[in-house]
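Below: one structure, written as structure tokens.
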Amino acid sequence: MPISADDLPRIEQEMQKIVEEKIPIERLELPAEQAKEKFTRLGQKYKVEMIDDLVKNEGVSSVSLYKQGDFIDLCRGPHLPDTGKVRAFRLLTTAGAYWRGDENNPMLTRIYGTAFFDEKQLTEHIERIEEAKKRDHRILGKQLGLFLISNAVGPGLPLWLPKGTIIRIELQNWLQEELFKQGYQFVFTPHIGKVDLYRTSGHYPYYEHGLFPAMEVEQGQAYLLKPMNCPHHIQIYLSAPRTYRNLPLRLAEFGTVYRLEQSGELSGLIRVRGFTQDDAHIFCTPEQLLEEVESCANLAKMVLETVGLNDYRVRIGLRDPDSSKYTGSTENWDLAEDNIRQVVRKLQLDYTEEPGEAAFYGPKIDFITKDCIGREWQLGTIQVDYNLPERFNLEYIGPDNAPHRPIMIHRAPLGSLDRFIGILIEHYAGAFPLWLAPVQVAVLPVSEKSAEYAQKVLKHLRDAKLRAEVDTSPDKIGAKIRRWTMEKVPYMFIIGRREVVNETVSVRKRKIGQVGTFQLTEVIELLKIERDSRGSKEAFADAAGG
RNA sequence: GCCAGCGUAGCUCAACGGUAGAGCACAGCUUUUGUAAAGCUGGGGUUGUGGGUUCGAAUCCCUCCGCUGGCUCCA
């Protein structure tokens with residue numbers, strides 16, 4: 001009999017009763033054999049399995065049990081001394097979970113709940129969750145008209161609306177500028193490629209379950225939607241002879257890739273089936289590797305800090321020693337893992353090492369952040385790869401006039417533009433800084449009498465490359481302000497008779513309110529500075545309301 | 001893919017076996033307005049899809065599609 005969320009109130013009531021009864025909880029330690037017998041008798045096959053595993057894997061001879069009334073449970077503990085010590089709790093949701101996290105095992109029902117020392121803390125916690133949900137990028141994306149996921153096109157395939165597209169373009173321009181400065185070269189490659197290309201790379205058939213099915217075009221000629229850009233970029237590397245003199249070669253592309261994520265995994269912009277990576281592949285010599293990885297890590301850091309995503313963690317993904325899913329030699333892996341460690345240490349990044357989190361061709365540094373309900377997602381990534389150069393037989397001529405094998409770095413500071421913007425929407429709660437805001441200034445004429453001047457103001461703003469719109473609706477000024485407040489525009493220029501006469505605008509800043517009346521040319525200069533500083537300099541930052 | 005829940009107008013939601021409704025948005029008219037919602041009128045729905053039960057289904061049952069929260073997966 002499956003448990004659903006509807007059953008939770010009844011379970012809570014029952015729990016409350018047990019709390020009130022103040023049942024003592026008693027710890028006992030039994031030899032594994034006896035405990036096994038007990039649970040076998042109770043028909044608790046999973047507990048029996050646990051005990052067997054504890055004995056086998058951890059060599060324990062006895063296990064701890066907790067007894068509460070006539071209920072007895074296998075648990076490492078510790079437990080409260082009695083059930084009366086439980087204070088404020090609430091059951092939240094139910095979910096299926098595979099036994100021991102293995103999808104080949106049966107699915108059990110898991111009940112999620114939370115507990116606090118008092119009712120007030122519990123209520124506050126629930127309110128915080130509710131508040132956080134209002135930042136959800138799926139809700140804000142709809143409200144603000146940023147993107148759309150249409151079932152007619154397909155699940156997990158976002159369509160970017162004009163306003164969302166502006167955010168993408170701004171991010172791309174910013175990054176492109178930065179990469180040109182750092183010596184990257186941009187390329188453009190097709191969205192499909194022959195299956196054989198991915199056989200060589202090792203993606204196929206290893207990732208076949210995660211690929212859109214191959215398209216057979218001519219007899220024996222099958223193509224795949226590309227799940228990665230690297231094989232394409234490798235072909236560009238191979239298109240000309242390379243020497244140590246023109247390495248590192250840094251090939252960048254905003255490359256759109258397609259991965260057939262499981263249907264239950266899809267989630268707004270954050271987990272999709274088609275997305276655009278701010279991808280690049282760096283081909284370098286062993287001597288150049290550390291410096292290149294370091295500048296990639298610095299770039300990823302800089303990107304996150306610019307948008308104020310300071311609450312991130314760094315993970316080093318290493319291979320799982322017990323798994324055979326990896327390609328390449330042990331020596332190369334050791335080398336690559338060591339390179340990566342050196343860089344994070346040098347940059348003094350706070351990091352954790354996690355075996356089993358590597359890509360199949362190499363270890364990686366991931367930059368991980370959280371969404372509005374606390375789920376962790378990978379944004380930027382840097383991967384050191386000795387293996388694809390081998391699989392594709394990449395070479396360069398060294399100073400000794402002999403061929404050598406380059407090392408590849410796969411890196412994407414934002415990761416996926418789609419996911420990154422999803423996280424950004426939640427981070428800013430839809431209130432984007434001036435440089436990213438789809439509409440930067442709303443020009444609000446008080447009445448039709450100032451409509452003509454409004455058009456003039458609009459022209460000046462647009463000449464300054466500020467994204468502006470005039471609200472020509474017949475509404476009263478209060479209604480217009482409300483509408484654009486809900487649109488979360490950073491600035492409103494309110495213009496009535498007084499402003500028309502003096503060539504001024506009354507400036508209203510998001511979150512602050514009215515900041516005063518200024519010459520049009522003067523405000524535009526201030527806004528240009530704020531926009532070009534990407535948020536580090538803010539006009540009217542210390543202005544009082546009123 | 002798996003477990004549970006959900007799917008009603010463009011949006012947010014109501015109706016929960018007896019003729020499908022509200023607010024916002026939209027259109028028209030009146031108002032020409034000074035810093036978070038002017039008034040009136042109007043258009044808009046095969047209740048996600050296909051089937052079933054019933055005199056009668058948005059409502060109950062099944063299929064599929066999609067979404068949500070988890071699990072698994074994540075190059």
Side-chain angles (χ1 to χ4, degrees), chain A residues 2-8 92-112 133 136 138-139 142-143 145 149-152 154-156 198 201-204 206-207 209-211 226-231 257 259-268 270-273 277 279 317 325-327 357-362 364 366 373 375 377-378 381 383 385 388 410 412 415-416 419 444-451 473-486 492-499 506-509 513-515 517 545-546:
Chain A
I3 297 164
S4 84
D6 298 340
D7 301 315
L8 296 183
L92 299 172
T93 54
T94 63
Y98 296 109
W99 167 238
R100 317 205 91 175
D102 185 336
E103 66 179 321
N104 300 311
N105 284 340
M107 186 162 264
L108 311 179
T109 303
R110 182 181 290 172
I111 299 174
Y112 288 82
K133 279 185 190 159
D136 191 314
R138 291 165 296 198
I139 294 168
K142 194 182 271 185
Q143 263 168 27
I149 296 177
S150 159
N151 196 24
Y198 300 97
S201 73
H203 290 96
Y204 192 91
Y206 179 65
Y207 275 112
H209 65 276
L211 298 169
K226 67 176 172 185
M228 287 293 282
N229 301 303
C230 32
V257 296
R259 299 175 183 181
L260 192 62
E261 304 289 359
Q262 296 191 92
S263 56
E265 268 308 331
L266 302 175
S267 180
I270 287 185
R271 196 76 190 270
V272 291
R273 286 179 170 166
Q277 297 175 314
D279 208 0
K325 77 168 195 177
Y326 306 98
T327 168
E357 293 296 328
F360 75 93
Y361 48 71
K364 53 183 188 159
D366 289 331
I373 56 172
R375 289 178 295 204
W377 299 100
Q378 175 197 310
T381 185
Q383 304 164 3
D385 179 6
L388 290 187
H410 310 240
S416 136
R419 174 180 290 181
L444 313 184
V446 170
S447 80
E448 268 175 28
K449 288 173 188 148
S450 36
S473 71
D475 294 317
K476 294 214 258 189
I477 191 67
K480 293 184 188 182
I481 288 169
R482 181 181 154 78
R483 175 160 51 249
W484 291 95
T485 301
M486 292 193 306
M492 293 179 225
F493 288 180
I494 289 148
I495 54 178
R497 202 169 39 81
R498 293 195 294 273
E499 287 75 20
S506 170
V507 176
R508 194 184 164 93
K509 183 177 167 68
Q514 225 172 325
V515 292
T517 301

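The basis for the numbers below is simple: all heavy atoms, side chains too, and nothing from hydrogens, waters or symmetry mates. Because the structure is a prediction, the values reported are computed rather than measured. Lettering of chains follows the sequences in order, A, B, ..., and the numbering in each one begins at 1.
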* Asked: Which heavy atom in A:Thr94 sits nearest to a heavy atom in A:Ala5, and how many Å separate them?
  -> OG1-N, 4.0 Å

* In the 5'-to-3' direction, what one-character label does each nucleotide of nucleotides 22-32 of chain B receive under the scheme B = base within less than 4.0 Å of a protein heavy atom, S = sugar-phosphate only, - = no such atom? -> ----------B

* To do: Kindly say if A:Arg375 contacts the phosphate of B:G70, meaning a side-chain N or O under 4.0 Å from OP1 or OP2.
  => yes

* Asked: Hey, does the side chain of A:Arg273 reach the backbone of A:Leu260 with a donor-acceptor pair shorter than 3.5 angstrom?
  -> no

* Asked: Base, sugar-phosphate, or nothing for A:Ala97, non-hydrogen atoms under 4.0 angstrom?
  -> sugar-phosphate

* For the residue pair A:His209 and A:Gln262, establish whether any side-chain heavy-atom pair is separated by less than 4.5 Å. => no

* Would you kindly give the CH2-to-C1' distance between A:Trp377 and B:G70, to the nearest whole Å? => 11 Å

* Sticking with atom C1', work out how far B:A14 lies from B:C24, rounded to a whole angstrom. => 15 Å

* Asked: Dot-bracket for RNA chain B, 5' to 3', with Watson-Crick and G-U pairs under 3.5 Å, [ ] for crossing pairs and | for other-strand pairs: what is it?
  -> (((((((..((((....[..)))).(((((.......))))).....(.(((..]....))).))))))))....

* Report the nucleotide, chosen from B:G70, B:G69, B:A4, that has the shortest atom-to-atom distance to any side-chain atom of A:Thr94. => B:A4

* To do: Let me know, please, whether A:Phe360 or A:Arg100 comes out on the 5' side of the other along RNA chain B by nearest nucleotide.
  => A:Arg100

* Asked: How is A:Ser201 classified with respect to the nucleic acid when contacts are heavy atoms under 4.0 Å: base, sugar-phosphate, or nothing?
  -> nothing

* For A:Ile373, report the nucleic acid contact type (base, sugar-phosphate, nothing); a contact means any heavy atom under 4.0 Å. => sugar-phosphate

* Minimum-distance nucleotide (side-chain atoms of A:Arg259 versus B:G69, B:A37, B:C74) -> B:C74

* To do: Write down the distance between CZ (A:Arg482) and C1' (B:A37), rounded to a whole number of angstrom.
  => 5 Å

* Asked: With a non-hydrogen cut-off below 4.0 angstrom, is A:Lys480 in contact with a base, only sugar-phosphate, or nothing?
  -> nothing

* Asked: Are side-chain N/O atoms of A:Ser473 and A:Arg483 paired as donor and acceptor at under 3.5 Å?
  -> yes

* To do: Considering just the side-chain nitrogens and oxygens of A:Arg419, establish if one lies under 4.0 Å of OP1 or OP2 belonging to B:C74.
  => no

* A:Arg138 and A:Ile149, any side-chain heavy atoms less than 4.5 Å apart -> no

* Nearest of B:C3, B:U35, B:C67 to any side-chain atom of A:Met107? -> B:C3

* Base B:G34 paired with A:Glu499 side chain (donor-acceptor, <3.5 Å) -> yes

* **Candidate nucleotides B:G69, B:G66, B:U35, ranked by approach to the side chain of A:Asn151 - the nearest** => B:G66

* **d(CE, A:Met492; P, B:G34) in whole Å** => 17 Å

* To do: Classify the nucleic acid contact of A:Glu357 as base, sugar-phosphate or nothing, counting any heavy atom under 4.0 Å across all strands shown.
  => nothing

* Asked: For A:Glu103 and B:C73, what is the distance between atoms CD and P respectively, to the nearest whole Å?
  -> 7 Å

* To do: Could you tell me the separation between the CD atom of A:Gln143 and the P atom of B:G10, rounded to a whole number of Å?
  => 18 Å

* Asked: Within this structure, what is the NZ-to-P distance between A:Lys142 and B:C67, rounded to whole angstrom?
  -> 12 Å

* Quick one: on RNA chain B, does A:Lys364 or A:Arg110 contact a more 5' nucleotide (nearest heavy atom)? -> A:Arg110

* To do: Could you check which of B:A75, B:G34, B:G69 has an atom nearest any side-chain atom of A:Met228?
  => B:A75

* Nearest of B:A75, B:A37, B:G70 to any side-chain atom of A:Ala359? -> B:A75

* Could you measure between the two C1' atoms, the one in B:U19 and the one in B:U59, and give it in whole Å? => 15 Å

* To do: Classify the nucleic acid contact of A:Ile139 as base, sugar-phosphate or nothing, counting any heavy atom under 4.0 Å across all strands shown.
  => nothing

* Describe the nucleic acid contact of A:Pro227 in one word from base, sugar-phosphate, nothing, applying a heavy-atom distance below 4.0 Å. => base

* Aromatic ring pairing A:Tyr361/A:His410, orientation class (parallel under 30°, perpendicular over 60°, tilted between) -> parallel

* Within a radius of less than 6.0 Å around CZ of A:Arg375, do more than 12 heavy atoms belonging to other residues, nucleotides or ligands occur? -> yes

* To do: Looking at every strand, decide which applies to A:Arg497 at a 4.0 Å heavy-atom threshold: base, sugar-phosphate, or nothing.
  => base

* To do: Kindly point out which of B:G70, B:G66, B:A4 is positioned nearest to the side chain of A:Ser4?
  => B:A4

* Asked: How would you label the contact of A:Gly101 with the nucleic acid (heavy atoms, under 4.0 Å): base, sugar-phosphate, or nothing?
  -> sugar-phosphate

* To do: Could you tell me whether A:Gly264 contacts a base, only the sugar-phosphate backbone, or nothing, with contacts defined as non-hydrogen atoms closer than 4.0 Å?
  => base

* Could you tell me whether A:Asp102 and A:Arg100 make a salt bridge, using a distance below 4.0 angstrom between a side-chain N and a carboxylate O? => no

* To do: Using the P atom on both, measure B:C26 against B:A20 and round to a whole Å.
  => 28 Å

* Could you tell me whether A:Leu266 contacts a base, only the sugar-phosphate backbone, or nothing, with contacts defined as non-hydrogen atoms closer than 4.0 Å? => sugar-phosphate

* With sugar-phosphate meaning primed atoms plus P, OP1 and OP2, does A:Gln383 contact a base, only sugar-phosphate, or nothing at under 4.0 Å between heavy atoms? -> sugar-phosphate

* To do: Could you measure between the two C1' atoms, the one in B:C6 and the one in B:G42, and give it in whole Å?
  => 34 Å

* Roughly how far apart, to the nearest Å, are B:U8 and B:G23 at atom C1'? -> 15 Å

* Asked: Using a cut-off of 4.0 Å on non-hydrogen atoms, how would the nucleic acid contact of A:Ile494 be classed: base, sugar-phosphate, or nothing?
  -> base

* Please tell me which of the listed nucleotides, B:A36, B:C74, B:G66, lies nearest to the side chain of A:Glu261? => B:C74

* **Side-chain N or O of A:Tyr98 closer than 4.0 Å to phosphate OP1/OP2 of B:C2** => no

* Using a heavy-atom cut-off of under 4.0 Å over every strand shown, decide if A:Tyr206 touches base, sugar-phosphate, or nothing. => nothing

